[in-house]
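Here is the structure we will look at, set down as structure tokens.
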Amino acid sequence: MKDLEGKVAFITGGGSGVALGQAKVFAEEANMKVVIADIRQDHLDEAMAYFSKKNVAVHPIRLDLTDRAAYAAAADEAEQVFGPVDLLCNTAGVSQFGPIENATFDDWDWQMDVNVNGVINGVMTFMPRMIKQGGGHIVITASMSAFVALPTTAIYCTTKYAVRGLAESLRVEMPKYNIGVSLLCPGGVNTNIHRSVEARPEKYGNTGYYGRDENVFGALKKVIENGFDPVDLGRVVLDAVVNDKFWVLPYPEFAEGQMQRDKEVIDAMASYADHPDYARRMKVREQMQGKMPGAE
């Protein structure tokens, strides 16, 4: 997807934050036709007030990512308005933090349904359409929490490890369909994701964590306010799509910690080299390889 002009992007969570930054970049700088999907009508209204002053093609759709029928209808609407979707940005996500021992099932279900099932629904809705039309590109937004487990982030971390696994699997399976895949893992980004609990549906109402607490919101905002500007991060994603980059990890400050964790894993694997079962399994493997067609 070197030439994005005139192509169609579908961006979840597009009314605010990281996703709105992507929408601005893809619409204004790449000249794409952009659909922004969001569960919050106020965010869609604010975004469209911005885009109405620009010479761009942007269409809003109110969408609950957990509703598969609504997702299919949104995909149909996108195609009716702009044509087949070439780029899917699974960007919408929610977060709520606290000690794992205080979590309720509703705390788990809300983040799992949005952060994991919402991404699955996006992939399963648009992947068959992209295959049929001969290609496209899928961006999945995880987090540096897909690599780093920190206290109070157990639920969020679980969801982000999950979609990282999905993205890596798609990376293996999609090239035969001419579908590129990128995995975006933000660290700090100056957004309002800390206020996502304001849109938490009543069906997930039982929580062991904070609610609409301005003191908590203020503390969480301080953690991320010096992070990436969403538009700057959107330009990083644009580069990844154009240049078919899978790993989108613009946070070099995490590299040393990742190397330490990787070494720990590798050392753990290597420590079993003297286990008696290892020699047996290697012998069986050699015998099987010797029986393969073409083996000498």
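In this chain, numbering begins with 1 at the start of the sequence shown. Quantities reported herein were computed from a predicted structural model and do not represent experimental measurements.
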L184 and W247: side-chain contact (heavy atoms from CB on, under 4.5 Å), yes or no, with the steps?
CA-CA 7 Å; L184 170 64; W247 298 108; over 6 Å; no

Run the side-chain contact (heavy atoms from CB on, under 4.5 Å) test on L150 and T153 for me, step by step, so that the C-alpha distance in whole Å, both residues' side-chain angles and the decisive distance to 0.1 Å come before the verdict.
CA-CA 6 Å; L150 297 174; T153 68; 4.0 Å; yes

Apply side-chain contact (heavy atoms from CB on, under 4.5 Å) to residues I36 and M48 and explain how you reach the verdict.
CA-CA 9 Å; I36 53 173; M48 291 310 297; 3.9 Å; yes

Start with the C-alpha gap between Q22 and T91, add the side-chain angles, then the distance that decides, and say whether side-chain hydrogen bond (donor to acceptor under 3.5 Å, both in side chains) holds.
CA-CA 9 Å; Q22 293 170 356; T91 310; 2.7 Å; yes

V237 and V139: CA distance, side-chain angles, deciding distance, side-chain contact (heavy atoms from CB on, under 4.5 Å) verdict
CA-CA 8 Å; V237 177; V139 177; 4.2 Å; yes

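Under a hydrophobic-cluster definition in which Ile, Leu, Val, Met, Phe, Trp and Tyr are linked whenever side-chain heavy atoms come within less than 4.5 Å, directly or via other members, V231 and V241 are assigned to the same cluster. If you chain together hydrophobic residues whose side chains sit under 4.5 Å apart, Y161 and W110 never meet in one group. A continuous path of Ile, Leu, Val, Met, Phe, Trp and Tyr side chains, each step under 4.5 Å between heavy atoms, connects V18 with F254, placing both in one hydrophobic cluster. Hydrophobic clustering (ILVMFWY, side-chain heavy atoms < 4.5 Å, transitive): I39 and I120 are in distinct clusters.
Separation of atoms CG (L65) and CG (N90) is listed at 8.5 Å; rounding is to 0.5 Å. Interatomic distance, CG of N243 versus OG of S182, reported as 9.5 Å (0.5 Å rounding). Rounding to the nearest 0.5 Å places NE2 of H43 at 11.0 Å from CD of Q41. To the nearest 0.5 Å, atoms CG (L183) and CZ (R171) are separated by 9.5 Å. We find the OG-CD1 distance between S271 and I266 to be 12.5 Å, quoted to the nearest 0.5 Å. Between the CE atom of M174 and the NE2 atom of H137 there is a distance of 12.5 Å, given to the nearest 0.5 Å.
Counted by atom type alone, Y71 and D64 present zero donor-acceptor pairs between their side chains at under 3.5 Å. Looking at S95 and Q111, their side chains never bring a donor and an acceptor atom within 3.5 Å of each other. In summary, the side chains of N31 and K7 do not present any donor paired with an acceptor at a separation below 3.5 Å, with no hydrogens or angles considered.
Every residue two or more places apart in sequence or in another chain that forms a side chain to side chain contact (heavy atoms under 4.5 Å, CB included) with D3 is listed here: E5. In this view, R281 and D277 satisfy the salt bridge (Lys or Arg N to Asp or Glu O under 4.0 Å) rule, not counting sequence neighbours. Annotation: salt bridge (Lys or Arg N to Asp or Glu O under 4.0 Å) contacts of D45 (sequence neighbours excluded): none. For I131, the side chain to side chain contact (heavy atoms under 4.5 Å, CB included) partners at least two apart in sequence or on another chain are M127, Y177, I179. Residues that satisfy the salt bridge (Lys or Arg N to Asp or Glu O under 4.0 Å) test with E173, not counting sequence neighbours, are absent from this structure.
Considering D107, D106, N102 in turn, D107 is the only one that fulfils the side chain to side chain contact (heavy atoms under 4.5 Å, CB included) rule with T207. The residue from E253, Q258, Q260 that alone fulfils the side chain to side chain contact (heavy atoms under 4.5 Å, CB included) condition with E256 is Q260.
Using a 4.5 Å cut-off on side-chain heavy atoms (C-beta onward), M32 and V56 make no contact. Between V119 and N115, every side-chain heavy-atom pair lies at or beyond the 4.5 Å cut-off. The closest side-chain heavy-atom distance from T125 to V123 is not below 4.5 Å. Within the 4.5 Å cutoff, no side-chain heavy atoms of Y251 are placed close to those of C185. The closest side-chain heavy-atom distance from H59 to E77 is below 4.5 Å. Side-chain contact check for I138 versus M130: some heavy-atom pair is nearer than 4.5 Å. Using a 4.5 Å heavy-atom threshold, the side chains of V85 and V35 count as separate. Residues V181 and E168 are not in side-chain contact: their nearest non-hydrogen atoms beyond the backbone lie 4.5 Å or more apart.
Residues V114 and G93 approach most closely at CG1-CA, 4.3 Å, considering heavy atoms. Scanning all heavy atoms of the two residues, the minimum distance from L233 to P250 falls at CD1-CG, 3.9 Å. Closest non-hydrogen pair, W108 versus A154, comes out as CH2-O, 4.3 Å. Taking each heavy atom of A78 and I61 in turn, the nearest pair found is N-CD1, 4.3 Å. Here the closest heavy-atom approach between residue Q133 and residue D86 is recorded as NE2-OD1, 3.8 Å. Taking all atoms of both residues into account, the shortest heavy-atom contact from F147 to L249 is CE1-CD2, 3.9 Å.
Screening residues 17-36 for salt bridge (Lys or Arg N to Asp or Glu O under 4.0 Å), with sequence neighbours left out, gives E29-R235.
Classification of the Y272-H275 ring pair by plane angle, with boundaries at 30° and 60°, yields tilted. Taking the six-membered ring for Trp and thresholds of 30 and 60 degrees, F97 and Y156 have ring planes more than 60 degrees apart, a perpendicular arrangement.
The neighbour count for Y278 OH, taken as heavy atoms of other residues, nucleotides or ligands under 6.0 Å away, does not exceed 12. Enclosure of atom CG in N55 is not indicated, since only 12 or fewer non-hydrogen atoms of other residues, nucleotides or ligands lie within 6.0 angstrom. With a 6.0 Å radius and a threshold of 12 heavy atoms from other residues, nucleotides or ligands, M282 has its CE atom above the threshold.
Between the side chain of R280 and the main chain of V284, no donor-acceptor pair closer than 3.5 Å is present.
Ion pairing between a basic and an acidic side chain is recognised when a charged N comes within 4.0 Å of a carboxylate O; D38 and R40 show no such pairing. A salt bridge links R129 with D76: at least one charged nitrogen is closer than 4.0 Å to a carboxylate oxygen.
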